[in-house]
K.L.:
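Have a look at this one before I ask anything.
Because the structure is predicted, anything quoted here is derived from the model rather than measured.
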Amino acid sequence: MKRILAVSLSAIGSLGVSFGEDAVKPNLESLSLFKNGLAVVRMTGKIPATGKWVVDAPVDVVHGTLWVAGQKPVTVSVETIREPLPLAEWTQPRLLRQLAGRRVTLHLEEDTVTGVLLGEPGEPEKKTWSRDYPTILGDRSSSSLFLRGDAVQPAETGTILLKTEEGRWLSLREGEVRRVAFDEWPALERERPGLAISGQAGDRVAIEFITRGLSWAPAYRIDLSQPKRLSVSQTAAIRNEWAELPDTELRLISGFPSVRFASVDSPLALQSTWRQFFQQVIQSRQAGIPGFDNGLTQQIDLASNRVAPNGFFPAAPEAGEGVDLHYRSIGKHRLAVGEARQVTVETAEADYRRAVWWRIPDLRDAQGRPVTEYDRRSQEGDDEEAAWDVVVFRNPFGFPMTTGPAALVEKGQFIGQQLSSWANPGAETQVRINRALSVSKRAVENEVPESREDLRLGGRDGYRTRVSGSVTVGNHRAAAISMLVVKAFSGRLVSAEGDPASELLESGVYSINPRRELRWTVDVPAGGEVTLKYEYEVLVL
């Protein structure tokens, strides 16, 4: 039975090891893609006879996500893999370092010198580290390094030493060299990290970690050509900026990812230092976000009232228990680095109905004071006070509809694009189409005369009063419409025509005036008009 083992981790980035036959390509079992640039990588394989399995793949691991499952204890390290440098990546500084110890001719701006370069071929640049960690963490007073200045000085780079044919030593800056002439072709190499797993030969291991560079973006196409039955297709745009992918199972993750250290590189990264690690941790903490939120604007919109009128229809809970994170396999795909592909995930049909949705914002703040039109528009936006044609249907897929753009077509013609919000399987949802310009609307509120009652609350003078309001909808179309009207208000409901649903909003549970919404569903005949009246009581401080 396979068990999870403690993993001994060590970063040996200073080793210049060329692994040769030990280096093997990982068996990429699956890649699970979030929508924010993160992916869960799962690899499997057997420890070779040498006792070391080197995963010849990019090692860009999110801090705290690398884990190994096996039968026997293993040690995981990050070691340097050296490989021939492509000609396109050659630079003169790299060439000069590789030519160390050889006879060269350097063409300077006004002179030409010949001699032997000092050093060993391929000698890496010396690294230095700053150990002033308390300063990074914001505690300068306890940092002896800060009090006396940083004791670790950066190494000087960009200087070369040449012993000329006359026996003199010449010090030059790399930037002074215009051309280099040499007799033998150097073997230029580049370095990159590789995961090395050491254990008992023949043992099977599985490796999982979260990395960056693979992601997907959902989109929907909703066809309304049939009067009462729609067709909805989900597509996924996938882009690979991580590594060459053989035939690998790709799984799409829907939900709000919670990866607390998504912006922090693992200390195992070859070029990482503790200073960089601590800085990333601090920046992640200061950002105050539980994950890698750049690129999550769709999820941010979903949490706002400005997205879509899904609040009118409460989503049905999904059967069973578990977190709201869903995996959907789209089969095996082969992708080169930089390649992008669009895949149709699934197409399904559902019954639907059309409606016109209108949300009227609250005209008062939490203290009961009237809100100016300027403040209301700056907070709500013009779109929130507009009437919208919407299509209402139930999610026909066996998996959740995630947040993404939805294009609507009818009889082959494009009629709009809006945002589709999260909907569980079978849950009722709706998508806006465009503004309902042929539907007139009017909302009025007035204080009931002689209804004020002075009072004193919490040491403050105020009053209680009643407010009467009405909403009027006019249908200037040739057919009847179903109207969904949502009216937000602050206070205690006294009466309302049309038997609307009334819901207490979480935003006003603890305010002096509870924040509520009235929700009407009303049919308006062609050329007709409907008026709905209501009254509520409010405290004004």
K.L.:
Under 4.5 Å between any side-chain heavy atoms of Trp216 and Ser254, yes or no?
P.N.:
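A side-chain contact exists here, since the closest heavy-atom pair is under 4.5 Å.
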
K.L.:
Among Thr402, Val343, Ile330, which residue meets the side chain to side chain contact (heavy atoms under 4.5 Å, CB included) test with Leu252?
P.N.:
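Looking at Thr402, Val343, Ile330, the match for Leu252 under the side chain to side chain contact (heavy atoms under 4.5 Å, CB included) is Ile330.
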
K.L.:
Is it true that atom CD of Glu166 has more than 12 heavy atoms of other residues, nucleotides or ligands lying nearer than 6.0 Å?
P.N.:
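Enclosed.
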
K.L.:
Hey, is the main chain of Ser32 close enough, under 3.5 Å, to the side chain of Arg42 for a donor-acceptor pair?
P.N.:
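Not at all, since once roles are kept as given, no pair shorter than 3.5 Å links the two residues.
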
K.L.:
Out of curiosity, Phe261 CZ to Gln280 CD, how far, rounded to the nearest 0.5 Å?
P.N.:
11.5 Å

K.L.:
For Pro246, is there any backbone N or O sitting under 3.5 Å from a side-chain donor or acceptor partner on Thr248?
P.N.:
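At least one qualifying donor-acceptor pair exists.
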
K.L.:
I'd like to check Leu66 versus Ile207 (side-chain heavy atoms, cut-off strictly below 4.5 Å). Are they in contact?
P.N.:
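Yes, their side chains come closer than 4.5 Å.
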
K.L.:
Could Arg103 and Glu165 be called an ion pair, given the rule that one side-chain N must be under 4.0 Å from one carboxylate O?
P.N.:
yes

K.L.:
Rounded to the nearest 0.5 Å, what separates atom OG in Ser215 from atom CG in Asn36?
P.N.:
6.0 Å

K.L.:
First locate atom CG of Leu170, then atom CG of Leu172, and finally report the distance between them rounded to the nearest 0.5 Å.
P.N.:
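Separation between the atoms: 4.0 Å.
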
K.L.:
For the side chain of Asn395 and the backbone of Ala423, is there at least one donor-acceptor N/O pair under 3.5 Å apart?
P.N.:
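Side chain of Asn395 to backbone of Ala423, a donor-acceptor pair under 3.5 Å: yes, one is there.
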
K.L.:
Measure the OG1-CG distance between Thr91 and Leu95 for me, rounded to the nearest 0.5 Å.
P.N.:
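With rounding to 0.5 Å, OG1 (Thr91) is 8.0 Å from CG (Leu95).
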
